[in-house]
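Structure first, then comments.
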Amino acid sequence: MESLPTTVSAKSERRGRSSKSQNTSKPSLIMAFFSCLAWLYVAGRLWQDAQHRAALNTLLKSNFDQRPKVLTVDDKLAVLGCKDLERRIVETEMELAQAKSQGYLKNQKSVSSSGKKMLAVIGVYTGFGSHLKRNKFRGSWMPRDDALKKLEERGVVIRFVIGRSANRGDSLDRKIDEENRAAKDFLILENHEEAQEELPKKVKYFYSAAVQNWDAEFYVKVDDNVDLDLEGLIGLLESRRGQDGAYIGCMKSGDVITEEVSQWYEPEWWKFGDDKSYFRHATGSLVILSKNLAQYININSGMLKTYAFDDTTIGSWMIGVQATYIDDNRLCCSGTRQEKVCSMA
């Protein structure tokens with residue numbers, strides 16, 4: 001009889017364990033059910049997205065096949081590509097440079113009244129303080145008014161060459177404009193600043209402006225301290241008509257000055273070699289270039305290097321081209337020869 005409670009207690013313990021096991025399994029079944037639903041939902045969405053992508057690809061392919069065969073500008077640029085476009089631009093620039101070198105310039109004009117190509121454009125360098133010098137030339141070798149027009153009918157243009165003041169539009173510029181309105185014998189270089197240290201650059205602006213405004217056989221640069229035998233110079237140029245690549249002047253060479261305190265100091269003296277000697281070049285008092293050499297300066301003016309002096313600057317440009325050097329003693333203005341076309345004023 002004493003063992004009965006023990007038996008009842010064991011049975012009660014087994015029923016308690018069974019009840020706990022049943023209570024634990026119910027949440028697990030619920031979680032498994034919802035997991036299945038979630039998996040089915042995700043799988044359905046993935047399948048639906050795949051169907052949508054397939055339909056979209058089919059639609060895009062259909063539209064691409066039906067696209068017009070005529071390409072738009074954007075399509076053509078895409079086909080050509082950037083490299084091909086750059087190549088075309090370079091080719092166009094080369095064609096433009098070639099056209100310029102052959103004389104097809106926008107502002108070219110002027111032939112003599114006889115119908116022949118003009119003989120020469122003579123540019124006489126001048127400055128803001130040289131009014132008396134200009135009047136002296138106008139009263140001596142340089143024609144004025146109607147005589148200047150008749151000379152142009154013969155094919156020779158003469159102009160005083162000057163730039164602009166550093167203070168654009170000031171009294172210096174206004175005086176030159178007034179003088180030009182009265183005499184009509186200036187070539188004003190609008191892009192050049194008139195200053196002593198800018199003289200080598202003035203060469204580029206002069207030849208470029210002269211080529212663009214007049215179509216002539218020769219272009220002549222003359223300093224404002226030179227008197228010309230005008231008829232003698234015209235005769236010299238007439239004898240050289242049709243000579244391309246002519247670089248004419250009183251040829252010289254000489255030592256490159258390396259001392260900074262000297263009047264003729266060349267800051268870039270070290271570029272002229274160990275002997276420090278200038279190459280052969282025409283003295284700056286009077287320099288004559290044929291048309292194709294002047295055109296070369298016009299076309300390449302943005303890249304041409306200048307040195308301390310305009311005569312050596314021109315000489316450096318002539319080294320790199322097919323120029324024919326013509327050393328004419330008649331153009332040695334400071335010389336003692338009797339037969340010459342220039343002298344120091």
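Looking at Val220 and Leu237, their side chains come closer than 4.5 Å, going by heavy atoms from C-beta outward. Counting heavy atoms from C-beta on, the side chains of Asn213 and Val121 never come closer than 4.5 Å. Side-chain atoms of Thr306 and Leu304, non-hydrogen and from C-beta on, never get closer than 4.5 Å to each other. Arg154 has its side chain within reach of Ile234: a pair of non-hydrogen atoms, C-beta onward, lies under 4.5 Å apart. Ile326 is not listed as a side-chain neighbour of Ile288, based on a closest heavy-atom distance of 4.5 Å or more.
Met251 and Leu236 fall into different hydrophobic clusters, where Ile, Leu, Val, Met, Phe, Trp and Tyr side chains are chained together by heavy-atom contacts under 4.5 Å. Residue Phe160 is grouped with residue Ile162 when hydrophobic side chains (ILVMFWY) are merged at heavy-atom distances under 4.5 angstrom, including chains of intermediate members. The same ILVMFWY cluster, assembled from side-chain heavy atoms under 4.5 Å apart, contains both Tyr207 and Met118. Under the 4.5 Å side-chain heavy-atom criterion for Ile, Leu, Val, Met, Phe, Trp and Tyr, Phe218 and Met142 are members of the same hydrophobic cluster. In terms of hydrophobic clustering, with Ile, Leu, Val, Met, Phe, Trp and Tyr side chains grouped at heavy-atom distances under 4.5 Å, Ile158 and Leu119 are assigned to a common cluster.
Under a 4.0 Å N-O distance rule, the pair Arg138/Asp185 qualifies as a salt bridge. Ion pair Arg164/Glu198 not flagged as a salt bridge, since none of the NZ, NE, NH1 or NH2 atoms sits closer than 4.0 Å to an Asp/Glu carboxylate oxygen. A salt bridge is defined here as a Lys NZ or Arg NE, NH1 or NH2 lying under 4.0 Å from an Asp or Glu carboxylate O, and Asp215 with Lys291 meets this definition.
Side-chain contact, Ser290 with Asn292: a donor N or O sits under 3.5 Å from an acceptor N or O.
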List the steps and the verdict of side chain to side chain contact (heavy atoms under 4.5 Å, CB included) for Val157 and Leu187.
-> CA-CA 11 Å; Val157 172; Leu187 173 60; over 6 Å; no
Take Val124 and Leu228 through the test side chain to side chain contact (heavy atoms under 4.5 Å, CB included) and record every step on the way to the result.
-> CA-CA 10 Å; Val124 183; Leu228 284 181; 5.7 Å; no
Check step by step if salt bridge (Lys or Arg N to Asp or Glu O under 4.0 Å) holds for Arg241 and Glu238.
-> CA-CA 5 Å; Arg241 268 193 184 271; Glu238 285 284 3; 2.9 Å; yes
Trace of the side chain to side chain contact (heavy atoms under 4.5 Å, CB included) decision for Met318 with Leu293 | CA-CA 8 Å; Met318 296 300 104; Leu293 295 182; 3.7 Å; yes
Side chain to side chain contact (heavy atoms under 4.5 Å, CB included) between Phe137 and Thr126: does it pass, once the steps are laid out?
-> CA-CA 11 Å; Phe137 289 160; Thr126 191; over 6 Å; no
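In this structure a side-chain-to-backbone donor-acceptor pair under 3.5 Å is missing from Ser208 to Tyr205. Under the 3.5 Å distance criterion, the side-chain polar atoms of Asn180 are matched with a main-chain donor or acceptor of Phe186. Looking at Asp170, its side chain does come within 3.5 Å of a backbone N or O of Asp173 through a donor-acceptor pair. Between the side chain of Asp223 and the backbone N or O of Asn225, no donor-acceptor pair lies under 3.5 Å. Using a distance-only test at 3.5 Å, with no hydrogens or angles considered, a donor-acceptor pair links the side chain of Tyr247 to the main chain of Ala282. In this structure, the side chain of Lys252 does not engage the main chain of Thr283 through any donor-acceptor pair within 3.5 Å.
Put simply, CE on Met344 and SG on Cys332 are 11.5 Å apart, with the number rounded to the nearest 0.5 Å. To the nearest 0.5 Å, atom CH2 of residue Trp141 and atom CG of residue Asp229 are 11.0 Å apart. Atoms CD and NZ, on Glu266 and Lys276 in that order, are 13.0 Å from each other to the nearest 0.5 Å. To the nearest 0.5 Å, atoms CZ (Arg330) and CD (Glu339) are separated by 6.0 Å. Between atom CD1 of residue Ile297 and atom OH of residue Tyr219 there is a gap of 11.5 Å, rounded to the nearest 0.5 Å. How far CZ of Arg159 is from CD of Glu152: 4.5 Å, rounded to the nearest 0.5 Å.
Scanning both residues, Gly123 and Val161, for their nearest heavy atoms gives CA-CG2, 3.6 Å. Here the closest heavy-atom approach between residue Ile319 and residue Tyr325 is recorded as N-OH, 3.7 Å. Closest of all the heavy-atom pairs between Asp224 and Ser130 is OD2-OG, 3.6 Å. Scanning both residues, Gln212 and Asn298, for their nearest heavy atoms gives NE2-OD1, 2.9 Å. Among all heavy-atom pairs drawn from Ala166 and Glu193, the shortest one is CB-OE2, 3.5 Å. Taking all atoms of both residues into account, the shortest heavy-atom contact from Phe128 to Arg134 is O-NH2, 4.3 Å.
Scanning for side-chain hydrogen bond (donor to acceptor under 3.5 Å, both in side chains) contacts around Lys202 gives Glu194, with sequence neighbours left out.
Annotation: cation-pi geometry satisfied between Lys305 and Tyr307 (NZ/CZ under 6.0 angstrom from ring centroid, within 45° of ring axis).
Sulfur atoms SG of Cys333 and Cys250 are positioned 2.5 Å or more apart.
Pairs of residues two or more places apart, or lying in two chains, that qualify as side chain to side chain donor-acceptor pair (under 3.5 Å) and include a residue from residues 310-320 are Lys221-Asp310.
Of the options Trp269, Tyr278, Phe309, a ring pair (Phe, Tyr, Trp, His ring centres under 6.0 Å) to Trp264 is made by Phe309 and by none of the others.
Crowding of Lys340 atom NZ: a count of heavy atoms from other residues, nucleotides or ligands under 6.0 Å exceeding 12. Around atom CD of Glu260, no more than 12 heavy atoms belonging to other residues, nucleotides or ligands sit under 6.0 Å away. Within 6.0 Å of NZ in Lys150 there are 12 or fewer heavy atoms belonging to other residues, nucleotides or ligands.
Two rings, from Phe272 and Phe279, have their centers less than 6.0 Å apart.
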